[in-house]
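Below you'll find the structure, written out as structure tokens, and then a few comments.
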2 protein chains.
Amino acid sequence: MPRAATTTDAFNAVAEPKRRMIIDALARAGGALGVGAIVAALGLPQPTVSKHLGVLREVGLVSVERAGQHRVYRLCPEELKAMYDWLKQYEQMWTHQLDRIKQRAERMQRDAASRPHRTT
Amino acid sequence: MPRAATTTDAFNAVAEPKRRMIIDALARAGGALGVGAIVAALGLPQPTVSKHLGVLREVGLVSVERAGQHRVYRLCPEELKAMYDWLKQYEQMWTHQLDRIKQRAERMQRDAASRPHRTT
DNA sequence: CGATCATATGCCTTTATGGGAATATGTCAA
DNA sequence: TTGACATATTCCCATAAAGGCATATGATCG
């Protein structure tokens, strides 16, 4: 069985770095850009960008709107939120881990302060 | 050019749903499980689980530790944090969007209240 | 209408994937 | 040592991916 289609869900779509770049570019521009602007911003061939936009659209990460002969792609954050929610579930794992490291550092410092100085 | 390898980064590794299930199972168990336990928890064939664990390990999402004839896989949250950070960047997009919807609803309600009733 | 610009789509090739079944490696117990 | 057990590693297959390039569609202007 081959790998799941890139258009299966946001996870698969976003696995491709160029698609993440497109998302980043859209966000930097306030959420929406025309294809030409994306092509210019990323320096990628136009067909490449169009195909990636197609994938992003199919999974609902962006929407399109015709504007004359241009097409404006707009970021749809809901799908990103779904991924975010999955990851947020684990947030405490690294914050707790960092807490533990910090606490250990503080404890070591306290111990060092309350102990007679040693110079060697 | 084919798709980027699944072992390229956490994004690619996590695109496979079964690998996400493994991560979920590890988290539910407090962060670590033996292979057998994962196999039992997910009902997947053992070779399948081993291969997926191999991918997760290669991208640093889990670490292994030998324990006799068992092997304990432990979740490494740092790689998840990297993905989380990328997504967190967009957090305001959906919170703002919800704010806007809410504000619009309130405004409409205010307007309706301060306007003479109309019955048609 | 014809030309031009903006974008999408098709074709081709190379390559890694995930599943399944069988088997190899490695570890413990008697 | 031999054998049970736990896990990893093959091998094979069908499939879809992404890039490059050419071309099709579609809108606008003169």
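Here is how names work: the chains are called A, B, and so on, in the same order as the sequence lines, proteins then strands, and each is numbered from 1. As a basis for the values below, the full set of heavy atoms in this structure was taken, side chains included, without hydrogen atoms, waters or symmetry mates.
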(message) What is the first contacted nucleotide of DNA chain D and what is the last, in 5' to 3' order, if contact means an atom lying under 4.0 angstrom from a heavy atom of chain A?
(response) D/dT15 to D/dT28
(message) If I take atom CE in residue A/Met1 and atom C1' in nucleotide C/dG18, what distance separates them, rounded to the nearest angstrom?
(response) 8 Å
(message) Just so I know, are the side chains of A/Leu56 and A/Leu75 near enough to count as touching, which here means a heavy-atom distance under 4.5 Å?
(response) no
(message) Without decimals, in angstroms, what is the distance between A/Asn12 CG and C/dA16 C1'?
(response) 14 Å
(request) Between A/Glu16 and A/Pro2, just flag the one whose closest nucleotide in DNA chain D comes earlier from the 5' side. (result) A/Pro2
Can you pull every protein N or O that's under 3.5 Å from an N or O on nucleotides 1-5 of chain C?
residue: C/dC5; atom: O2; partner: A/Gln69; partner atom: NE2; Å: 2.9

(request) Could you check if a side-chain atom of A/Arg57 sits within less than 4.5 angstrom of a side-chain atom of A/Val64, using non-hydrogen atoms only? (result) yes
(request) Compare all side-chain heavy atoms of B/Thr6 with those of B/Glu16 and state whether any distance is below 4.5 angstrom. (result) no
(message) The criterion is side chain to side chain donor-acceptor pair (under 3.5 Å); which residues satisfy it with A/Lys18, sequence neighbours excluded?
(response) none
(message) Taking B/Met93 as the starting point, is it possible to reach A/Trp86 by hopping between hydrophobic residues whose side chains are less than 4.5 Å apart?
(response) yes
(message) The side chain of A/Ser50 is closest to which nucleotide in this list: C/dG19, C/dA16, C/dT9?
(response) C/dT9
(message) Would you say B/Arg19 places a side-chain N or O within less than 4.0 Å of OP1 or OP2 belonging to C/dG18?
(response) yes
(request) Not counting sequence neighbours, which residues clear salt bridge (Lys or Arg N to Asp or Glu O under 4.0 Å) with B/Glu91? List them please. (result) B/Lys88
(message) Tell me which residues in residues 22-38 of chain A lie within less than 4.0 Å of DNA chain C, going by non-hydrogen atoms.
(response) A/Val35, A/Gly36
(request) Sequence neighbours left out, what pairs pass ring-ring contact (aromatic ring centres under 6.0 Å, His included) with at least one residue falling in residues 40-85 of chain B? (result) A/Tyr84-B/Tyr84, A/Trp94-B/Tyr84
(message) Taking only side-chain N and O atoms of A/Tyr73, does any of them lie within less than 4.0 angstrom of OP1 or OP2 on C/dA8?
(response) yes
(request) Just jot down the salt bridge (Lys or Arg N to Asp or Glu O under 4.0 Å) partners of B/Glu65, sequence neighbours excluded, or say none. (result) none
(request) Taking the side chain as every heavy atom from C-beta outward, state whether B/Leu53 and B/Ile38 have any atom pair closer than 4.5 Å. (result) yes
(message) Just to verify, what does A/Arg20 make a salt bridge (Lys or Arg N to Asp or Glu O under 4.0 Å) with, not counting sequence neighbours?
(response) B/Asp9
(message) Within residues 53-67 of chain A, which residues have any heavy atom lying less than 4.0 Å from an atom of DNA chain D?
(response) none
(request) Give the cluster check for A/Val39 versus A/Val72: same hydrophobic cluster or not, with ILVMFWY residues linked at side-chain heavy-atom distances below 4.5 Å. (result) no
(message) Need the bend value for the helix from C/dC1-D/dG30 to C/dA30-D/dT1: angle between end axes, 5 pairs each end, nearest 10°.
(response) 10°
(message) Quick test of your reading: applying ring-ring contact (aromatic ring centres under 6.0 Å, His included), list the pairs with at least one residue in residues 19-42 of chain A, sequence neighbours left out, ordered by first then second residue.
(response) none
(message) Salt bridge check, A/Asp24 against A/Arg28: does any charged N sit closer than 4.0 Å to a carboxylate O?
(response) no
Produce the list of close N/O pairs, under 3.5 Å, pairing protein atoms with atoms of nucleotides 20-23 of chain C; give distances to one decimal.
residue: C/dG20; atom: O6; partner: B/Lys51; partner atom: NZ; Å: 2.7

(message) If hydrophobic clusters are built from ILVMFWY residues whose side chains come within less than 4.5 Å, do B/Val55 and B/Leu42 share one?
(response) no
(message) To the closest 0.5 Å, what do you measure between CD1 (B/Ile23) and SG (B/Cys76)?
(response) 10.5 Å
